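Just below is one structure, and these are the notes that go with it.
Everything quoted here is computed from the prediction, not taken from an experiment.
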Amino acid sequence: MYTLIKIDEINNLGAIRIRIRSLIASMNNRCNEKLVDGGNYQIEKIKFTKEMKKDYTILVPQMAPIHFELLEAALKSSGYKVKVLKECSMNTVETGLKHVNNDACYPSILTTGQLIEALQSGEYDINKTALIISQTGGGCRATNYIGFIRKALKDAGFEKVPVISFNFAGLEKNPGFKITLSLFEKLIKSAIYGDLLQTVLHKNRAYEVNKGETDKLYEKWINKCKELACKTSKKEFNKSLYEIVEDFEKIELNTSNVKPKVGIVGEILIKYHPFGNNYTEELLEKEGAEVVMPELMGFVKYMIKNTSITSKLLKTSKIKGNIYEMVLNFVNKIEQDYSKALLNSKKGYLKSCDINKLSKQVQDILSTGNQTGEGWLLTAEMIEFIEEGVSNIVCLQPFACLPNHIVGKGVIKTIRSKYKDANIAAVDYDPGASSTNQVNRIKLLMTVAKDNLQLRENELKAIKKENEGYSLNKNSIKEKGNIKK
C-alpha cells in the first residue's frame with residue numbers, strides 16, 4: 001500500500017495531512033480485513049474459454065462509431081456474440097470515476113465506466129457476459145486498460161466476468177477468442193470501409209445542396225458494407241470501393257462558398273469518440289468547417305511500421321523487422337484500390353495515408369523513436385494535413401496525457417516555424433474540464449481559419465484583376481509592353 005503526495009512551492013499542508021490520515025485509516029482497515037478473511041488482494045484472470053464462445057455476449061466499449069459498427073459485424077460473422085456499447089452519458093463518467101483513480105486519463109475513465117455501467121444495468125446475464133479491450137503492447141492506454149478494468153470489476157463485484165485481450169503481440173491468450181486469417185481479413189476490410197465512408201461523409205455533408213442527402217446515402221452504404229466486409233472476394237471488395245465513391249459522386253455540391261478545412265488529430269479514442277471529445281465534429285460543422293479525419297488504418301500501419309523502426313534504432317532482430325515490412329506491404333496492397341478510388345474522384349478527397357512517406361517527413365521535427373501512445377504518428381498526421389492543404393488543425397488530448405503533450409502540444413511551435421500557415425489549437429479533455437473553454441478554443445481557431453481563408457480569396461481576386469487582359473500570346477504581351485506581368 002502507498003500514497004502519493006504532490007509537493008510544490010504553493011503546496012497546502014492541509015491536503016498532505018488528509019492524505020496521510022487516509023493512508024493510516026486504510027492501513028487499519030487492511031489489518032482488520034486480514035483478521036476476517038485473510039486479506040486477498042490478488043486479481044484473478046478469468047479466461048474466455050472455447051465453451052464460452054457459444055453463449056457469452058462480448059461487450060465492446062465505444063471508440064470510433066463508424067468503424068466499430070463495421071467491426072462489430074465482422075466479429076459477429078466469425079461466430080462471436082458481440083455488442084458495441086454505443087451510448088455514453090455523465091453517468092458513464094461518474095461510474096468510471098468511482099472505479100478508476102481520477103489521476104488516470106479520461107479515455108480510461110470513459111472506457112471502464114461504459115463497461116461497469118453496462119454490467120450494472122441488468123440488461124446482461126453476468127454469468128454469460130465477457131468484456132474485450134485492445135492491447136498494442138506499448139505504453140499507455142492501449143496496453144494498460146486491461147489492468148484498470150480487472151480491478152474495477154473486482155471492486156464492483158464482477159470479478160468472475162472474463163476480460164478478453166484483443167492483441168497481435170501475444171500478451172494474453174484466451175482459448176475461446178482467436179484472431180484467424182479469415183477474421184483478420186474481415187477486420188482490415190471493415191477498417192478500410194470505415195475510412196472511406198468517413199472521408200466521403202464529411203466532404204459531401206459540408207457542401208451538399210440537398211440537406212440530409214449525404215447522411216441518407218451513408219446509411220445505405222454502411223448497412224451494405226457490413227455484409228460486404230464479411231462475404232466478398234478480393235475482386236468484389238475492390239469493385240465496391242469504386243462503387244461507393246461513384247455513388248457519392250452523384251451528390252450535388254455547392255462549392256461557391258469555400259469552407260475552411262479543419263483536421264482533427266490527437267489521442268485515438270478522444271479524436272474519434274463523439275462524447276469523449278464533446279461532439280467536436282458536430283461543433284466544427286456548425287461553425288462552417290469541412291471536417292477532415294485521419295484514417296484508422298493509418299494507426300494500424302503505424303503499429304506495424306514501429307516494429308521495423310525499432311529493429312533499426314535499437315539494433316534488434318532484423319528478421320522480425322523484415323517480416324513486419326512484408327506485413328505492411330501486404331496491407332498496402334489491400335488498400336491499393338481504396339487509394340485509386342479516392343484519386344478518381346473530382347471532389348478533392350484527401351489521399352490515403354502513406355506511412356513510409358510520413359515516417360520520413362516527421363523526422364525533421366522529432367524522432368520516430370517516440371512510440372508511446374500515438375507517438376510520432378500524431379505529429380506526422382499534422383504534417384500530412386498541412387502538406388495536403390488542411391492548415392487548420394484541432395489537437396484533442398486527454399488532460400495530463402504525457403505522450404500527447406510531447407508529440408502533440410509539444411511540437412506545435414516547431415510546426416508553426418516550418419509551416420507559416422499552420423493554425424493549430426490544442427484542446428484538453430477531462431471529467432472536470434470546462435466544456436465552455438473547449439468550445440471557445442475551437443471557435444477561436446475557426447475565427448482565425450475564416451480570416452485566413454478570406455485573406456487568401458482577396459489575394460487571388462487581386463491577382464486575377466491585375467492580370468485581366470493579359471494572355472500567353474506573344475503579340476499581346478509585346479503590345480502590353482510588360483513581359484514580367
Side-chain angles (χ1 to χ4, degrees), residues 64-67 69-70 185 187-208 213-215 217-222 224-225 228-229 232 234-253 255 258-265 271-272 281 285 289-302 304-305 328-359 361 377 380-393:
I66 294 173
H67 298 82
E69 196 163 338
L70 294 160
E185 186 183 357
L187 294 173
I188 291 292
K189 285 179 178 178
S190 297
I192 292 171
Y193 276 137
D195 286 336
L196 181 55
L197 290 174
Q198 178 180 261
T199 301
V200 295
L201 175 69
H202 288 135
K203 181 74 178 182
N204 287 281
R205 194 162 60 192
Y207 291 104
E208 63 185 0
E213 187 180 359
T214 305
D215 285 333
L217 189 58
Y218 161 78
E219 287 298 332
K220 169 197 160 183
W221 272 107
I222 196 160
K224 218 171 175 182
C225 288
L228 292 169
T232 53
K234 189 177 185 300
K235 188 178 179 181
E236 289 169 329
F237 169 70
N238 290 338
K239 185 185 174 187
S240 68
L241 298 173
Y242 292 100
E243 287 173 353
I244 291 169
V245 174
E246 284 167 14
D247 218 359
F248 276 88
E249 208 77 359
K250 296 168 189 173
I251 293 175
E252 188 184 351
L253 304 184
T255 55
V258 180
K259 296 182 176 184
K261 293 180 180 180
V262 181
I264 298 177
V265 300
K271 72 181 172 187
Y272 289 122
E281 284 179 51
E285 287 184 348
E290 177 194 329
V291 175
V292 185
M293 294 289 292
E295 298 164 353
L296 187 62
M297 278 301 295
F299 186 82
V300 173
K301 289 187 273 188
Y302 155 77
I304 299 168
K305 185 68 180 175
L328 184 59
N329 289 335
F330 171 70
V331 171
N332 284 333
K333 280 182 181 177
I334 295 175
E335 276 202 312
Q336 270 182 347
D337 285 270
Y338 162 71
S339 304
K340 287 177 184 174
L342 288 176
L343 287 171
N344 285 350
S345 169
K346 295 173 183 176
K347 291 188 173 180
Y349 297 117
L350 197 71
K351 288 187 286 188
S352 64
C353 167
D354 183 342
I355 203 70
N356 291 318
K357 182 183 175 183
L358 292 184
S359 67
Q361 282 181 324
L377 177 68
E381 283 176 343
M382 288 197 270
I383 294 168
E384 178 188 32
F385 278 157
I386 296 167
E387 293 275 358
E388 293 296 323
V390 185
S391 56
N392 309 295
I393 297 168

Exercise: identify the closest heavy-atom pair between [X] and [Y]:
| X | Y | result |
| --- | --- | --- |
| L70 | C225 | CD2-CB, 3.6 Å |
| I355 | G298 | CD1-O, 3.9 Å |
| I386 | S391 | CG1-CA, 4.3 Å |
| L350 | V390 | CD1-CG2, 4.5 Å |
| K271 | P294 | NZ-CG, 4.1 Å |
| C353 | L358 | SG-CD1, 3.8 Å |

Side chain to side chain contact (heavy atoms under 4.5 Å, CB included), that's the test. Do K261 and K203 meet it? Break it down for me. CA-CA 10 Å; K261 293 180 180 180; K203 181 74 178 182; 4.0 Å; yes

Trace of the side chain to side chain contact (heavy atoms under 4.5 Å, CB included) decision for T199 with L342: CA-CA 9 Å; T199 301; L342 288 176; 4.3 Å; yes

Point-to-point distance, once rounded to the nearest 0.5 Å, from [atom1] of [X] to [atom2] of [Y]:
| X | Y | atom1 | atom2 | result |
| --- | --- | --- | --- | --- |
| I244 | L196 | CD1 | CG | 5.0 Å |
| I264 | N392 | CD1 | CG | 12.0 Å |
| E285 | E281 | CD | CD | 7.0 Å |
| N204 | Y218 | CG | OH | 13.5 Å |
| I304 | F299 | CD1 | CZ | 11.0 Å |
| S190 | E185 | OG | CD | 10.5 Å |

Hey, does D354 have a side-chain heavy atom less than 4.5 Å from the side chain of E384? no

Is any side-chain heavy atom of L228 less than 4.5 Å from a side-chain heavy atom of E236? no

For a side chain to side chain contact (heavy atoms under 4.5 Å, CB included) check, start with the C-alpha distance between T214 and F248, then their side-chain angles and the critical distance, and finish with the verdict. CA-CA 8 Å; T214 305; F248 276 88; 4.0 Å; yes

Apply side chain to side chain contact (heavy atoms under 4.5 Å, CB included) to residues E208 and R205 and explain how you reach the verdict. CA-CA 5 Å; E208 63 185 0; R205 194 162 60 192; 4.1 Å; yes

Please check this pair: side chain of [X] against backbone of [Y], looking for a donor-acceptor N/O pair closer than 3.5 Å.
| X | Y | result |
| --- | --- | --- |
| S359 | N356 | yes |
| E69 | I222 | no |
| Y207 | K259 | yes |
| E381 | V265 | no |
| H67 | D195 | yes |
| K189 | T232 | yes |

List for me each residue that meets side chain to side chain contact (heavy atoms under 4.5 Å, CB included) alongside D247, sequence neighbours excluded, and say none if there are none. L217, K220, W221, K250

Give a yes or no on whether the ring-centroid distance for F237 and Y193 is below 6.0 angstrom. yes

Taking salt bridge (Lys or Arg N to Asp or Glu O under 4.0 Å) as the cut-off, I'd like each qualifying pair that reaches into residues 334-352, sequence neighbours left out, listed once.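 Pairs touching residues 334-352 that pass the test: K301-E335, K351-E388.
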
Suppose we screen for side-chain hydrogen bond (donor to acceptor under 3.5 Å, both in side chains). Which residues come up paired with T255, at least two apart in sequence or across chains? none

